[in-house]
*Asks:* 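One structure is given below, represented as structure tokens, and several questions about it will come after.
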Amino acid sequence: MLGGQPMQLAPSRAFPSVQEGDDPFLALWPHRYDYLWAEHPHPDERPDWQTESRHPLSDRLLQQGTMLYGVRFGPTTRYCVLDVDKGSAYHPTRDRFAWRRLVAALDDLGLVQAVVCTSSYSGGLHLYFPFDTEQKTWAIALAVSTLLENAGFKLAPGQLEVFPNCKAYVTSGEHSLYNGHRLPMQAGSYLLNQDLQMIWGNQETFVQHWQFAQQRNSLDTKAMDRILKAARRRQFRVTGKADKFLNDLNAEIEQGWTGPGQTNRLLGRIAMRSYIFGHVLYSDKPLEGNALSRDIVTTAQALPGYADWCQHQQEVEKRAQDWMHAIEQSHYFHYGTDKPPVALSPDQPDEQAPNWNQQQEAAARDRIQQAIANLLEQAALPTGITKRFDALVTYGLSGTTLYRHRDLWHPRYLQNATSGALQSAVEPDCSWAASGSTSHTNLLGENGCKTLPEASSNPLERLELGAIGCNSLPLGDLSQTETRNMTQEEGIAYIKQVLNQVKARRQVETARKRQCLAGQDQLSLPFDQATP
């Protein structure tokens with residue numbers, strides 16, 4: 001008693017128990033939490049099984065044998081069990097070859113040898129399939145169940161049960177346990193030979209049979225992955241547009257890298273597939289947070305061409321983290337969940353959750369601006385296009401990035417941005433550019449104040465120039481004298497101001513586009529408007 005109230009011990013999953021040395025039989029059952037127990041029943045009665053969740057099952061309790069005990073499965077396992085009841089249509093008394101068909105059905109997984117024993121005095125059968133490599137419990141449950149069903153067996157209590165069992169996927173966050181099975185070599189449990197004749201055995205003999213079967217059962221993980229993919233699609237009823245969307249993602253991802261410049265695209269597609277369909281294909285629950293980013297990295301590293309062509313291997317984890325945040329803040333959601341799409345308010349066009357492309361574009365433009373500013377500060381910004389391009393590449397900027405954002409560094413595009421600010425109401429004053437064409441403080445580039453001819457600009461260039469909005473930059477109040485008399489520091493500050501205004505202009509345009517799209521279906525996908 002404590003303070004007039006009975007003291008209660010909170011359940012602890014770290015509750016220690018005394019381990020009885022190196023007992024190979026006890027070592028076969030590592031997961032002892034939420035174990036089953038029952039008093040020994042009369043031979044013609046069923047045990048009254050109960051679950052103990054306050055502490056794990058200890059070695060000493062098992063050795064004492066004062067009760068019947070059973071165990072459940074944890075997140076991983078090294079074995080599975082088939083349970084055939086005495087009254088089952090698959091029991092040897094009704095079909096003498098059914099148990100061999102059960103074993104044959106698991107051959108595709110590499111499970112070819114079972115340890116067969118009676119489960120109890122009832123005469124039911126337990127077929128244990130041990131294997132060397134530890135596997136995810138849910139994956140073993142689904143793969144084994146799928147193969148048995150494909151072979152025509154019906155899984156149902158009293159007929160045929162699989163341990164571990166396939167747990168129903170729940171979206172409410174509720175915790176569910178795997179079904180527990182009775183441990184072998186207790187009262188009424190005897191080893192059987194290949195003719196299903198009882199043979200004398202104890203725990204040591206059971207371990208010997210287990211080790212022999214374990215050596216023969218070489219689990220085929222590639223076959224299991226193939227089985228799981230098909231089973232999960234059927235389990236979640238992935239059909240129609242969602243199925244096409246998943247197939248399109250697979251088509252892009254599974255080919256891997258075939259050349260440089262593909263990392264961002266592939267990581268984005270991997271993130272999308274893992275987030276939306278990960279629990280459909282290979283995970284026991286939807287992938288989020290660190291689990292999602294780890295899956296992106298693992299998937300990317302396993303793809304063809306990663307070692308040869310991925311130029312961002314040193315930062316792939318960082319990029320996976322960025323993609324994880326981007327997809328979780330997007331309008332996509334886990335397939336099969338009841339979560340509605342994120343509705344964008346016309347008044348607040350998702351400014352707090354930019355998508356990955358917008359984040360990457362902003363980061364790339366910031367790097368270019370910093371590089372330009374650094375070159376200006378060193379009085380080392382070349383006036384020629386090629387030399388300026390080569391100088392920017394030394395800052396870790398790729399050619400693709402520079403081409404996509406050439407409005408920030410290309411002399412013609414910078415000229416349009418600055419000339420809009422410098423032009424007067426009549427004609428621009430080109431004397432500063434003409435007199436300082438060889439100076440590094442010349443911000444107008446090699447063409448001076450000459451504007452890009454309309455006839456020579458392609459549609460893409462005209463579109464980008466329109467988006468920049470050169471003639472609407474609020475710098476037109478600078479006088480020609482002021483611009484001509486700028487010091488180098490003032491020139492650097494001026495060009496930074498122009499670049500920032502260009503960036504702000506693009507952000508406004510992006511926000512306006514989002515407002516226009518706010519009323520559209522937020523579930524639209526990038527493949528033929530397919531929806532998961």
Side-chain angles (χ1 to χ4, degrees), residues 19-20 22-33 35-36 57 59 62 69-84 90 99-120 124-148 151 153 155 160-166 178-186 189-196 198-225 227-228:
Q19 295 183 345
E20 294 299 327
D22 186 16
D23 188 319
F25 179 80
L26 298 179
L28 300 180
W29 327 108
H31 186 77
R32 305 288 185 84
Y33 296 105
Y35 67 89
L36 303 174
L57 178 61
D59 288 353
L62 279 173
Y69 294 105
V71 294
R72 302 180 189 272
F73 291 82
T76 59
T77 182
R78 290 180 181 267
Y79 73 97
C80 62
V81 188
L82 304 186
D83 179 15
V84 182
Y90 310 126
W99 77 277
R100 294 186 183 274
R101 289 176 48 228
L102 287 170
V103 177
L106 304 184
D107 184 74
D108 286 348
L109 273 179
L111 303 180
V112 298
Q113 184 71 40
V115 181
V116 187
C117 62
T118 56
S119 59
S120 66
L125 298 183
H126 277 182
L127 285 74
Y128 290 84
F129 291 86
F131 39 85
D132 274 334
T133 55
E134 199 168 54
Q135 301 294 324
K136 293 180 179 178
T137 302
W138 72 266
I140 288 295
L142 181 57
V144 170
S145 299
T146 299
L147 287 179
L148 293 175
F153 293 100
L155 305 183
L160 174 63
E161 292 184 80
V162 176
F163 300 90
N165 62 297
C166 292
Y178 287 103
N179 293 339
H181 67 86
R182 182 199 302 242
L183 288 175
M185 299 297 101
Q186 298 183 98
S189 178
Y190 297 95
L191 283 168
L192 303 177
N193 61 19
Q194 293 299 302
D195 296 323
L196 297 186
M198 286 187 184
I199 59 176
W200 171 250
N202 51 23
Q203 292 183 354
E204 289 75 13
T205 310
F206 182 88
V207 170
Q208 293 172 6
H209 283 253
W210 180 285
Q211 292 173 345
F212 174 75
Q214 191 175 51
Q215 291 174 358
R216 294 202 62 200
N217 292 332
S218 179
L219 198 69
D220 188 338
T221 54
K222 290 185 177 180
M224 186 166 72
D225 289 342
I227 295 167
L228 290 177

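One is the number of the first residue; the rest follow in order along the sequence.
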*Asks:* Output all residues satisfying side chain to side chain donor-acceptor pair (under 3.5 Å) with His181, sequence neighbours left out; order by chain, then residue number.
*Replies:* Tyr79
*Asks:* I need the minimum non-hydrogen distance between Cys80 and Val144, along with the two atoms involved.
*Replies:*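 Looking at all heavy atoms of both residues, the shortest contact is SG-CG2, 4.1 Å.
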*Asks:* To the nearest 0.5 Å, what is the distance between CG on Leu148 and CG on Leu102?
*Replies:*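 If I round to the nearest 0.5 Å, the distance is 6.0 Å.
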*Asks:* So how far is it from Arg100 CZ to Gln194 CD, rounded to the nearest 0.5 Å?
*Replies:* 6.0 Å
*Asks:* Dump the intermediate steps for side-chain contact (heavy atoms from CB on, under 4.5 Å) on His31 and Thr76, then the final yes or no.
*Replies:* CA-CA 9 Å; His31 186 77; Thr76 59; over 6 Å; no
*Asks:* Let's go through Thr205 and Ile199 carefully: what are the C-alpha distance in whole Å and the side-chain angles of both, what is the deciding distance for side-chain contact (heavy atoms from CB on, under 4.5 Å) to 0.1 Å, and is it a yes or a no?
*Replies:* CA-CA 10 Å; Thr205 310; Ile199 59 176; 5.7 Å; no
*Asks:* Would you say the side chain of Leu191 lies within less than 4.5 Å of the side chain of Val115, judging by non-hydrogen atoms?
*Replies:* yes
*Asks:* For Tyr128, run the ring pair (Phe, Tyr, Trp, His ring centres under 6.0 Å) check against Phe212, Phe206, Phe163 and tell me which one passes.
*Replies:*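 One option only clears the test, and that one is Phe206.
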*Asks:* I want to check something: taking the side chain as every heavy atom from C-beta on, are Arg72 and Leu36 in contact at a cut-off of under 4.5 Å?
*Replies:* yes
*Asks:* Please tell me if the side chains of Leu57 and Val71 come closer than 4.5 Å, counting only heavy atoms from C-beta onward.
*Replies:* yes
*Asks:* What distance do Leu82 atom CG and Phe129 atom CZ have between them, rounded to the nearest 0.5 Å?
*Replies:* 5.0 Å
*Asks:* With distance as the sole test, does Thr77 use its side chain to make a donor-acceptor pair with the main-chain N or O of Thr137 at under 3.5 Å?
*Replies:*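 Flag not set: sc Thr77 to bb Thr137 has no pair under 3.5 Å.
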*Asks:* With distance as the sole test, does Asn217 use its side chain to make a donor-acceptor pair with the main-chain N or O of Phe131 at under 3.5 Å?
*Replies:*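 No.
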*Asks:* Can you check whether Arg32 reaches Leu26 side chain to side chain, under 4.5 Å on heavy atoms?
*Replies:*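 When only atoms from C-beta onward are counted, Leu26 and Arg32 do touch, with a gap below 4.5 Å.
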*Asks:* Take Asp220 and Leu109 through the test side-chain contact (heavy atoms from CB on, under 4.5 Å) and record every step on the way to the result.
*Replies:* CA-CA 5 Å; Asp220 188 338; Leu109 273 179; 5.8 Å; no
*Asks:* I'd like to know if the side chain of Asn165 reaches the main chain of Asn179, judged simply by a donor and an acceptor atom lying under 3.5 Å from each other, with no hydrogens or angles considered.
*Replies:* yes
*Asks:* Give the C-alpha distance, both sets of side-chain angles, the deciding distance and a yes or no for side-chain contact (heavy atoms from CB on, under 4.5 Å) between Val207 and Met185.
*Replies:* CA-CA 11 Å; Val207 170; Met185 299 297 101; over 6 Å; no
*Asks:* Rounded at 0.5 Å granularity, tell me how far CZ in Arg182 sits from NE2 in His126.
*Replies:* 7.5 Å
*Asks:* Could you measure the distance from the CG atom of Leu228 to the OG1 atom of Thr146? Nearest 0.5 Å is fine.
*Replies:* 7.0 Å
*Asks:* Can you tell me how far CG of Leu111 sits from CE of Met224, rounded to the nearest 0.5 angstrom?
*Replies:* 9.5 Å
*Asks:* Checking the side chain of Ser189 only, and the main-chain atoms of Thr118 only, is there a donor and an acceptor separated by less than 3.5 Å?
*Replies:* yes
*Asks:* Might you point out which heavy atoms bring Pro24 and Asp22 nearest each other, and give the distance in Å?
*Replies:*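 The pair with the smallest heavy-atom distance is CD-O, 3.4 Å.
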